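Here the structure comes first, spelled out in structure tokens, and everything after it is commentary.
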Amino acid sequence: MPRLMFAIFLTPAYAPFAIAFVIMVGIGLIEAIGLGLGHLDLDADVYAETDSGVLDWLGLGHELPILIWLTSLLGCFTLTGIAIQQGATALTGGPLHWGLASGGALVAGSLLNTLAANGLARIMPGFETSVISTDDFLRRRGTILEGTARRGSPARAKIVDQHGQAHFIMVEPHDDADVIPTGETALIVRRDGKLFYALPDANALLQSI
């Protein structure tokens with residue numbers, strides 16, 4: 001029986017759902033490797049700084065990492081696609097054309113994923129539904145993770161927000177003479193686009209406060 005079902009899923013009528021399932025498993029493995037290694041930042045954070053009905057409808061209105069959202073969508077697409085083809089086979093004796101079944105599964109899977117994503121956002125620790133702005137990073141301390149931050153040569157730093165979530169940004173010293181090596185902490189004082197500027201804890205200005 002398992003071999004028969006496997007053979008059925010390799011037919012053209014089920015091909016889109018088989019491909020979606022393989023991609024879903026691949027993303028799941030990447031997530032598992034990232035959790036195991038710990039220091040890898042494999043989840044792309046989603047921030048909705050303005051209200052959007054479309055984002056809410058898709059289940060992206062919450063701070064749910066995009067890879068987890070995509071994994072959920074692929075799973076819902078796969079399940080609804082198989083259900084559609086199995087239902088069509090039971091009613092007509094054969095599955096629908098893969099294009100027709102894929103269109104139906106995309107609509108039904110998106111609707112199902114809205115419920116799944118909203119549920120995941122509520123139960124997963126660390127992914128609150130609060131909105132985080134990059135301006136909230138100002139006046140927070142970050143730790144340099146890789147390289148040495150110099151003027152004109154930013155380094156990657158980690159910041160933990162008020163909800164306990166980790167964020168990764170590129171940092172340069174605020175003062176030309178300052179250097180912030182790996183492992184050092186610094187106070188984020190301003191930003192220019194995606195680049196943040198910081199005063200290292202050893203800076204004389206912070207020492208005088």
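For clarity, every value in this text was computed on a predicted model and none was experimentally measured. If you read the sequence from its start, that first residue is 1, and numbering goes on from there.
For the atom pair D175 CG and D178 CG, the distance stands at 5.0 Å (nearest 0.5 Å). D201 contributes atom CG, which lies 3.0 Å from atom OG1 of T185 (distance to the nearest 0.5 angstrom). Taken to the nearest 0.5 Å, the CZ atom of R140 stands 8.5 Å off from the NE2 atom of H167. Separation of atoms CD1 (I82) and OG1 (T89) is listed at 11.5 Å; rounding is to 0.5 Å. Taking NE2 from H174 and CZ from F196, the interatomic distance works out to 15.0 Å, rounded to the nearest 0.5 Å. Rounding to the nearest 0.5 Å gives a distance of 9.5 Å between CG of L199 and CZ of R141.
The heavy-atom pair separating A88 from P95 by the smallest distance is CB-CA, 4.3 Å. Annotation for W98 and S102: closest pair O-OG, 2.7 Å, computed over non-hydrogen atoms.
With a 6.0 Å cutoff to the six-membered ring centre and a 45° limit on the axis angle, R191 does not count as a cation-pi contact of F137.
Each ring pair (Phe, Tyr, Trp, His ring centres under 6.0 Å) pair with one or both residues in residues 72-94, not counting sequence neighbours, appears once here: F17-F77.
Residues I23 and W69 fall within the same hydrophobic cluster, defined by Ile, Leu, Val, Met, Phe, Trp and Tyr side chains chained together at heavy-atom separations under 4.5 Å. Linking ILVMFWY residues whenever their side-chain heavy atoms come closer than 4.5 Å, directly or via other members, places I19 and L73 in the same cluster.
Here S153 pairs with R150 under the side chain to side chain contact (heavy atoms under 4.5 Å, CB included) rule; sequence neighbours left out. Partners of L112 by side chain to side chain contact (heavy atoms under 4.5 Å, CB included), not counting sequence neighbours, listed by chain and number: C76, T80. For V25, the side chain to side chain contact (heavy atoms under 4.5 Å, CB included) partners are F21, L29, not counting sequence neighbours. By the salt bridge (charged side-chain N to carboxylate O under 4.0 Å, His left out) test, R151 pairs with E172, D176, sequence neighbours left out. Shown here are the side chain to side chain contact (heavy atoms under 4.5 Å, CB included) partners of V160, two or more places apart in sequence or in another chain: K158.
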Side chain to side chain contact (heavy atoms under 4.5 Å, CB included) assessment of Y14 paired with Q86: CA-CA 10 Å; Y14 285 88; Q86 291 292 298; 2.6 Å; yes
task: Give the intermediate values and the outcome of side chain to side chain contact (heavy atoms under 4.5 Å, CB included) for residues I159 and I188.
output: CA-CA 9 Å; I159 290 181; I188 308 300; 3.6 Å; yes
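Summarising the hydrophobic clusters (Ile, Leu, Val, Met, Phe, Trp, Tyr; side-chain heavy atoms under 4.5 Å, direct or chained), the residues clustered with Y197 are M170, L195. Other cluster members for L96: I84, L100, joined by side-chain heavy-atom distances under 4.5 Å among Ile, Leu, Val, Met, Phe, Trp and Tyr.
Looking only at distances, no side-chain donor or acceptor of S72 sits under 3.5 Å from a matching main-chain atom of I68. Using modelled atom types, one side-chain atom of T182 and one backbone atom of G147 make a donor-acceptor pair closer than 3.5 Å. The main-chain N or O of P200 is never found under 3.5 Å from a side-chain atom of E184 such that the two would form a donor-acceptor pair.
Two residues are said to be in side-chain contact when any heavy atoms from C-beta on lie closer than 4.5 Å; T148 and I144 fail this criterion.
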